[in-house]
Structure formats: structure tokens, C-alpha cells
Amino acid sequence: MIEELKNQISIKLNNEIKNIYGVEVELKAETPKNKENGDVAIPAFPLCKALKKSPQESASLVSSILDGLNMFETISVLGGYVNATYSREVLSKSVLDSLDEPKKVDNPKTYAIDFSSPNIAKPFFVGHLRTTVIGYALSNILSYRGHKVVRINHLGDFGTQFGKLIYAFTNWGNIEEVRSNPIDTLVGLYVRFNQEAKNKPELDDEARRIFKELESGNEEYRTLWKEFKEYSLNEFNRVYKNLGVSFDVYSSEAEASRKSARVISMLREKGLLVKDDGAEIVRLKEPYPPAIVIRSDGATLYITRDLEEIFDRYDKYHFDYMLYCVGNEQKLYFTQLKEVLKLMNAPFEEGVKHVNNGLILKDGKKMATRDGSAVKLDDVLNESISLARAHIEEKNPSLENKDELAKKIGVSAIIFNDLKNYRENDYEFDIDAATRFEGQTGPYIQYTDVRIKSILNQCAYNKDNVDYKLFNTDSMYDMVKALDAFEDVIDKCISEYAPNYLAKYLLNLSTLFNSFYAKEKVLCENIIERDTKLYLLSKIKDVIEKGLNLLSMSIVDKM
RNA sequence: GACUGCGUAGCUCAGCUGGAUAGAGCAACGGCCUUCUAAGCCGUGGGUCGGGGGUUCGAAUCCCUUCGCAGUCGCCA
């Protein structure tokens, strides 16, 4: 609401100045850095040059125009700035009333979101955490705003890696071992292949040959592949259940490969494919390297399958936006993909976005175990859960369902620790810092929610008793303004495809409440005051829980 | 080498579409529980915003340059 008012003020102000002085300026109403300076600040400097007046004089002119708008309780000039405040009583009432109205967009769009998309026959690594939680949070946020969302998990179930795996299995593996401990056994085979291939590069050729046969429909290989895929899916679904993440669609590279003749003939018809060194490539404009679409042995590549897949998705969902939540490493790849789509005149090209994310680091390097292999997400989650369990034991040992609680707190802590960081940047992983119950953590927010609920559960309130004059105090008014900012934060998350703004917002709102809580008694003698505070608290609780839900974090009642 | 991104307090990160004294958490230090969950709150100390130049009334923010780190760069995904 305040955000909207600021826009209105800017427009009115600039129009008035144009009418009165005949000059075009772009004054912008801002939120002052220091809240002592009021609710709205307008730097008047742009006027100085246009009117050849001093900053103070310019600010005075602005303040007199502002005065005519009848929107503010106080207006003052400080240096080249005009500061203004609203009536706290009036604003608080309209903010709190408006919280109940759902804010859906008038023209909903369809967003297809490709996220998580792990490679099968491998464990679910921490590296996949970011795409998974960012993609899922974004899908929730978009859907909250009224957009149509298609959550897609595009399984990496094809490619030369399966040639390697099948080679390793047929030469060194046995099916009983795989069946008794699928993922570890398959990973072991894959690792062994890569080790042996270091000295025998001809193994890589062999793997490519096997993949080519698999793609061409070799029955024996296909049976193996199907079984391996089944094991992986079981594993992944367990992880998704723990994270509270779900999808609308599972798509598959293998499926895309099967249908890829279509997109290849589209490329051919448009004359985009060029023979080069035996392969067929699409040349791209400078400075991008060409995209290899067909290997010299005729097999498809990642981009071939992705191209087929995106046309298929467009046919199925008619998306306005196709978001790929994939790491920074593939930045060049996605610009290549978009360039090819441009050359193909794909009608949906503009809506294709690479929602890139950074790495999870340990001591400045990509997170790995001591022997250099990737860390399993399961191990991280389990450690987080046991740390949470230990905290509970220390702080509140008499609680019931401690194990279940520890799971909710531990997993949410890892999710929050990821989402609070800006999407595109790498971040340093520290499990102790993430699971701490103090500071900028998931548990801090959950704890705040629990504290609020423990008050609300003690006493019902009557909304008719609410006295909006009581929102005059700084702490009460600050919370109202924070509540007002929620929908703006959601919009920012959408415009930047970045859920960290919501995560930071929840921290801020929690701190405001905790600060208030330490100073003032809620369940006081005066019923008007008590019910007013309880009403505000119930709104804060609603917003915190709304936020936790959007981020796929758990809500707990006691902790 | 080329392209992209990053470099802000001891540590982890915000701020970057230019605006008032550069913010938060952790760590350090000092306070606050006969009162609604102290897992909290309040306060103190701590910064050449990597270096240099430029644009501007005004630069952490924009431009140039330089150093450091990371990622990527035709038959992997």
C-alpha cells in the first residue's frame, strides 16, 4: 500500500511541477533510510538545476505542493529533502483491513518451471539443493500471486553417462548387488569407469557406442536402463518428501530423445544445420560458439533433447514463461539455447529465462567430502536434524514428539539457510550456523511464530475492541508497516525470480515482533489495548506462516 | 587467452534501477528473566565498501583501468 502511494505521489508531484513551472523533472518518493525521517522522503535535488534554486528552496517548493495533496499528517524540509508522515491511525486501519483481501493478478500468466532435474543413477547431492528449493519456492510464490504454474522435474536419464554405467555394469557388476543397495553400487561402478577410462581412453568411445545403441533401441540396454531409473526415482522421491517438494510433471531426456526427429527436421528445413567435422552444428552470432546438435555418430546431445523438450512443453502448456532453474555453470549453454530458438523463430523465445543459481561452497570451494566426492543431501539433512534434536534436548527437554519436531526444524533450517542467500551468488555452507536457534536462521523464525501462538492461544480477542489510535507507538506502527510490505516483497521475488527477499523479510518481521515482545506486555489489564495487540499479533502470525509455507518450511506449534 | 560473475566489519551475508551519518547475524564485551517460551531483547566496540581514475550537486551503487578469486569456452549434462 505504501509502495503504491509512493508511486502516486511521484506522478502527481511531477505533473504539478510541469503545470506550475513548465519543467519536466523526475522526482521520486522514497522510503527514508532512517525512520525518524518519517514515512516518505523526496530528494528535491533534480529541481535545483531545472529551476536554478538552492536545495532548500527546491525542497520548500516540493513541500508546498505536497501540502496541497492532503495526504500527510506532517511535512517537513530538511536540507534538500522533504519528509512526510501519514496519519498512523488511518494508515494502520487500511493496511490491516487490506491484509485479508487476496492480491491476485488481473492477467495470470502460465509459468513452466524446470527445477531440481537430477541425474539418475547418482545420489541426490547437496549441489541439487539450490535449484530444488529455489524453483519450488518460486513456483509457490507465482501461484500465490494467481499465476498458473507447471512444476517440471526433467530427469537426466539419458546421455553418454548411461553408456558408461552400462559398460561398467556389464563388465564388473552383478544384478544382486545392485538390487540390494542400488545407488551406492551404481555410483561405485560409475566411479570405477571414470578411473579406468583415465588410462584407457578407448573406454569413452565404447561408452559413446553403447549410448548410441541404447538410443537406437537396444533391448538389453533398455531393460537395464529402466531398472536403474526406477531405483533412482525411489531415492529422489524420498528426498522430495523430506523437503516437502512436489512436481506436477516428470519429464525425461530419454523421452525427448525419442521424439527428437521432429526438432531436427525443423532445424534442417530452416537450413540452420551445418556439417562440421562430421557433426551437425548451428552457427550462432558473435561471440557465441556454435551449438552442436548432432554428434558425428548421429546421436543426440543435451541441446537436441532440450530443444525437442521445449517445443513439446509449449504444445502442452502454452507457457508464457519457461523458467530453467539451473546453475551458473550453464549460463553459456542457455544463451546458446536461446540463440538457436531465435534463429528458429520460436514464438515463445522471449519467455525463456535461465534462472541461474550459485554454488554451495565449503571453505571457498565447491562443497565436497574429504576424499573429494560430492556430499549427499541426505547426509546434510540428517546431520541438521540431529543438531536440531540436540538443541531441543537442551532448551526444552519436556516437549512431546521431539523426533518429529527435530525433523521439521532441521530440514527447514537447511532450506532457509539456502533461500536467504541471493540466488545468483555462491554461498558458504556452515551447518552449525544454519541450524543454530539464534540469529538469521529458520529456527529463529519458527520460534517467533511459536511465541506468538502461545500468546494467542491463551486469550481470544474481539475485533470490535480494536482501537487504531494505539498504533501510534513506534513499535506497533513499525510492525504495521512491515505487514504492509509483504505483498511488495512478493512482487519483488517475482520480478527477480529471487525468493531471498521473502526470507530476509521474514527475519525482519520476526525481529520487529521480538523487540516489541521484550518491551511490552500483550495480555495486559486494559481490554482495548489487549485486543488491539492480539489482533495485530494474529496478523503477524498469518503473514509469517504464509511466508514459511511459500518457502516450503514447516510450521510448528511448540518448540 | 576470451567471455560472465564476484570482491562491503574478524567470519557469514544484505544494500547495487545513484541520494541524508554504509546495515544485519555470528563472534567479542556489558546489561535485562517474581510478568505472555531469555531459542529472546537492549547496548558497546569493530569498515581506505579490493586498488586507482572518471561522470555527477551527490558514487558501495554508473563508466574506464588494474589486482585477486570463481565459473564457462564444438561432439558431457
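All chains are named by letter (A, B, ...) in the order of the sequence lines, taking the proteins before the strands, and each is independently numbered beginning at 1. These figures come from a predicted structure and were not determined experimentally.
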Partner set under ring-ring contact (aromatic ring centres under 6.0 Å, His included) for A:Y190, not counting sequence neighbours: none
Of the candidate nucleotides B:U37, B:C76, B:C41, which contains the atom at the shortest distance from the side chain of A:A518? B:C41
The correct set of residues in residues 323-334 of chain A placing a heavy atom under 4.0 Å from RNA chain B is A:E329, A:Q330, A:K331, A:L332, A:Y333
I need the full list of salt bridge (Lys or Arg N to Asp or Glu O under 4.0 Å) pairs touching residues 507-522 of chain A, with sequence neighbours left out, sorted by first then second residue. A:E520-A:K533
A:I527, CD1 atom: more than 12 neighbouring heavy atoms under 6.0 Å: no
Could you check whether the side chain of A:S296 and the base of B:C75 have a donor-acceptor pair of N or O atoms closer than 3.5 Å, going by distance alone? yes
Generate the contact string for nucleotides 12-18 of chain B. Rules: B means base contact, S means sugar-phosphate contact only, - means no protein heavy atom under 4.0 Å. SSSS---
Could I get the full list of side-chain contact (heavy atoms from CB on, under 4.5 Å) partners for A:D557, not counting sequence neighbours? A:K453
Between A:D426 and A:K366, is there a salt bridge with N-O shorter than 4.0 Å? no
Sorted by chain and residue number, the ring-ring contact (aromatic ring centres under 6.0 Å, His included) partners of A:Y427 (sequence neighbours excluded) come out as none
Name all pairs fulfilling the ring-ring contact (aromatic ring centres under 6.0 Å, His included) condition that reach into residues 24-48 of chain A, sequence neighbours left out, sorted by first residue then second. A:F45-A:Y81
Classify the angle between the aromatic ring planes of A:F124 and A:F236 as parallel (below 30°), tilted (30 to 60°) or perpendicular (above 60°). perpendicular
Holding to salt bridge (charged side-chain N to carboxylate O under 4.0 Å, His left out), I want the full list of residues that pass it with A:K212, two or more places apart in sequence or in another chain. none
For the P atoms, the ones on B:A39 and on B:U61, what distance do you get once it is rounded to whole angstrom? 42 Å
Have a look at B:C33 and give me syn or anti from its glycosidic angle (syn if within 90° of zero). syn
For A:F416, ring-ring contact (aromatic ring centres under 6.0 Å, His included) partners two or more places apart: none
Considering only atom P, compute the distance from B:C57 to B:G10 and round it to an integer number of Å. 35 Å
Checking A:Y497 now: which residues fulfil ring-ring contact (aromatic ring centres under 6.0 Å, His included) with it, not counting sequence neighbours? none
Criterion side-chain contact (heavy atoms from CB on, under 4.5 Å) on A:N465 and A:Y535, from CA distance to verdict: CA-CA 9 Å; A:N465 286 338; A:Y535 175 61; over 6 Å; no
For B:C42 and A:S515 - does any side-chain N or O of the residue sit under 4.0 Å from the phosphate oxygens OP1/OP2? yes
Could I get a table of every N or O pair under 3.5 Å where one atom is in the protein and the other is in nucleotides 56-59 of chain B?
none

For RNA chain B, determine which residues of residues 393-417 of chain A have any heavy atom closer than 4.0 angstrom to one of its atoms, and list them numerically. A:K395, A:N396
B:A20 base / A:N83 side chain donor-acceptor hit below 3.5 Å: yes
Heavy-atom donor-acceptor pair, A:S495 side chain to A:K492 backbone, under 3.5 Å: yes
A:R208 vs B:C76: side-chain N/O to OP1/OP2 distance below 4.0 Å: yes
